[in-house]
Amino acid sequence: MPDNEGLMDRFVDRLPETAFFKFVAARILTPLWAWWTPVKPLPGGPHPSFQHGDNVQCMMNLIMPLKDKSPVGRAHAAMAISQHKDAIFAGLNNVGTVHFARFVIVGDNICMFSVYDGDFTNYIRDFIATIGEVFDAVVGLVEGGEKVIPCDKNVEAFIQWVHERDLYQVPDTPTDFLRDQERLNGDKAVAPVNDDLTLLPRKMVLQLRANANVSLGSGYRAYPGYSVAQVRKQLGLGW
Amino acid sequence: MFDLSDLQGNVLRGYKDKPYVRYLILEIADRVVARRWLAAAISGRDHDVPQITSGDWGKAKPRTCFNIGLTYEGLRALGTPGSSLAMFPNEFIEGITARALKLGDVGASAPDTWPSPFNEPKRIHLIATIYAENVAQLDQVQQRALDRNALTLLGMREGNNFDGDFVHFGYRDNIMQPRFEGIHDPERHADGQPLAPLGTVLLGHPTNLEGLQWRVPQPTQLGHNGTFNAFRVLKQDVVGFENYLDQAASDLLTHPKVDEVLPPGGELKVCEVFEIEPPSRHAALREVVAAYLCGRWRDGTPLALSADMPDANVDRAKFDYDESSRCPYGAHIRRCNPRGGHIVQRVANNSRRLVRRGVPYGPAYKRDKSGDAGKTEPERGLLGNFIGASLGAQFEAMSCDWLNLGLQDPRITGSNDPITGTNDPATSWFDLPLKSGGTIRLRGLPEFVSTRGGAYTFLPSLSAIRYLGSLTA
Ligand code: HEM
């Protein structure tokens, strides 16, 4: 009965698009799954790599909920940045490894996005040493921030706190994503053949439940990675 | 002056007259007995347990020295309270194997290739080090150290210092150590570098990064004056190293600008210093290459002061780097310590300094010109200890950004340390600076040094050992 089968297929294929199914999937099935197979949030930041090219122009994506969720709170955040503009430039100059630092307010979050070279902890530590007061001013406005400031007296805790808020960078390939999950669970790397990749959407859904905000990919570059100093030297800007 | 009697002696002293060194890699077999063992090692009253050597020898110089380091698992096994454990830094809690990518421990250096006992890192609790004048003394102290139900011996590593402080690859080592504020250090004269604040090496003191202090695990007795050590078993491919010098010297011989790295006739002096018979330009160029890779001629002469030839009369310690320096930006000692030279991370210049305690293992290598090919060589290397108050801010920062990425200078970014970096001959390169400006690029450097084991340990103060010995829970 080829015709009937076709009908059935089409019905099943369209199921996920129906309002009822969407409701069931999001509100009932996903929480059930999550309860059944608990998923830990994946750690943020660039994927550990030994390749030189992966260790320059790395991304940090922080989304930090403001304590004061009102226009007044947002204005405070805006002021905290603009009042420290000079210090921020001085910091960029002295740390020497940051390409861009951007501050964005989205909803009631202050977001800090940056592109830096080398190891994340060195980058944050060097910033604490140069312009810790800027971090203190911003993080002081953020939920839970009071526990880790002043940052120069809480270096390790501050770096850890920032790291925990750095968004997970979802790899572009399913195998890399599964590898991240294995690493987190302390599993020995399992050859990808052992994993049924058709289950990926489910694993991905659960992961995005645990990490609600993520970065898709690790940034896409129009040219191979260079360090800040390489760019500045090449352009004759001094480094 | 700072009171050294609360520190373990190996933190600030090199025990120069005790060339035989043995590392006992131990697991705590019984928490209660192990605590008693620690208490005995501090009091020195129980002759069955060797006494921990402190930084203050008083009048009687000990004949042998004995020091310990504890891993995170070791502190846990002793029953250190959870609230104290949580105050130790992440990298120490995770342990050295978890940090493999940062340290360049990949491929032949990857932790899953490490031999016993380093293949079971969680079982490594305590590393005890014995320093002695001869092997018989090592054996005696070892017997006393182990004669209890406290500890299980998982493995040992052993080495001895060669005459004249030479290490495998033929370099003179042990020239530089940081000099500390408030520490009387007659062994070292002024080297032109700023004194390192005590917090470079001890928890609870100001560090070189202005205003920054590392977290001191509480109670104070436990954390204060403690420090961290990266213990590394670094295998050295001595034959590969000498072969590379051969190859690079041959390439240089025909290079149009070779006279800039070895002036005509310079081979006579170089060969004289290194007692090479008969003198030849090729033989001298081998030494030139070795000198550029390290930043020092193999006799210790810094290139920064004497680039054309080794010179026993120049100061080995006192020099600085600037743009006109003939020491390559990528040379080992310049990467590890850029001194006052211009680097990208301006705040980092003096902040990543390390106390180094190393001893070669394996027999001294004598190059046999008739050809080493086909001969199986015994394993050789360096048992290295890289000590600093913050593993993350010092040892790891140096390893990942400076040794294996070259971030500190755009002219070396994308290259690894020529001696100890995780090099791949297909992509590696190293630039020799020329007097006239410009460079000669060497390629094809293999990985001369591979990691065969290691552990991050906490080197507790004597008060801390007393505290750990008195735990009851
Ligand atoms: C088997 C591997 C290694 C060998 C053969 C080696 C050899 C040397 C030699 C010959 C020197 C010059 C002597 C001196 O200045 O005292 C030196 C200096 C130094 N090395 Fe290494 N090294 C090795 C691994 C490492 C590693 C892994 C690190 C750090 C992570 C390191 C850090 C340093 C530092 C900090 C200095 C002193 C530089 C200065 O202050 O001028 N070394 N090394």
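We name chains A, B, ... by the order of the sequence lines, and we start the count at 1 in each one.
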Could you check if a side-chain atom of N122(A) sits within less than 4.5 angstrom of a side-chain atom of C400(B), using non-hydrogen atoms only?
-> yes
Measuring from D152(A):CG to Q213(B):CD, what's the distance to the nearest 0.5 Å?
-> 9.5 Å
Measuring heavy-atom distances to chain B, does V228(A) have an atom under 4.5 Å in its side chain, in its backbone, in both, or in neither?
-> neither
State whether a side-chain donor-acceptor pair under 3.5 Å links H52(A) with N416(B).
-> yes
Any chance CD of E210(B) has more than 12 other-residue heavy atoms, nucleotides or ligands included, within less than 6.0 Å?
-> no
Side chain proximity check, F50(A) to K102(B), heavy atoms < 4.5 angstrom | no
Within-4.5 Å side-chain heavy-atom neighbours: L212(B) and R125(A) | yes
Between R99(B) and D119(A), is there a side-chain N and carboxylate O pair less than 4.0 Å apart?
-> no
Going by atom types alone, do E156(A) and N90(B) pair a side-chain donor with an acceptor below 3.5 Å?
-> no
CD of Q218(B): more than 12 outside heavy atoms within 6.0 angstrom?
-> yes
Identify which part of N93(A) has an atom lying under 4.5 Å from any heavy atom of chain B, answering side chain, backbone, both or neither.
-> both
Please say whether more than 12 non-hydrogen atoms of neighbouring residues, nucleotides or ligands are located less than 6.0 Å from OH in Y123(A).
-> yes
Looking only at heavy atoms, what is the nearest atom pair of V344(B) and A229(A), with distance?
-> CG2-CB, 3.4 Å
R102(A) CZ: over 12 foreign heavy atoms closer than 6.0 Å = no
Residues in residues 403-415 of chain B near chain A [non-hydrogen atoms, under 4.5 Å] = N404(B), L405(B), L407(B), Q408(B), D409(B), P410(B), R411(B), T413(B), G414(B), S415(B)
Contact origin within V106(B) toward chain A - heavy atom pairs under 4.5 Å | side chain
Answer with side chain, backbone, both or neither: which region of Q51(A) has an atom nearer than 4.5 Å to a non-hydrogen atom of chain B?
-> neither
Chain A contact via Q345(B) - which portion, at a heavy-atom distance below 4.5 Å | both
Whether over 12 other heavy atoms sit under 6.0 Å from H76(A) NE2 | no
Between chain B and each of R232(A), K233(A), K153(A), count heavy-atom pairs under 4.5 Å; write down the option with the most.
-> K233(A)
Value for CG (N55(A)) from CG (D401(B)), rounded to nearest 0.5 Å, stands at 8.0 Å
Take atom NZ in K122(B); do more than 12 heavy atoms of anything else shown fall under 6.0 Å from it?
-> no
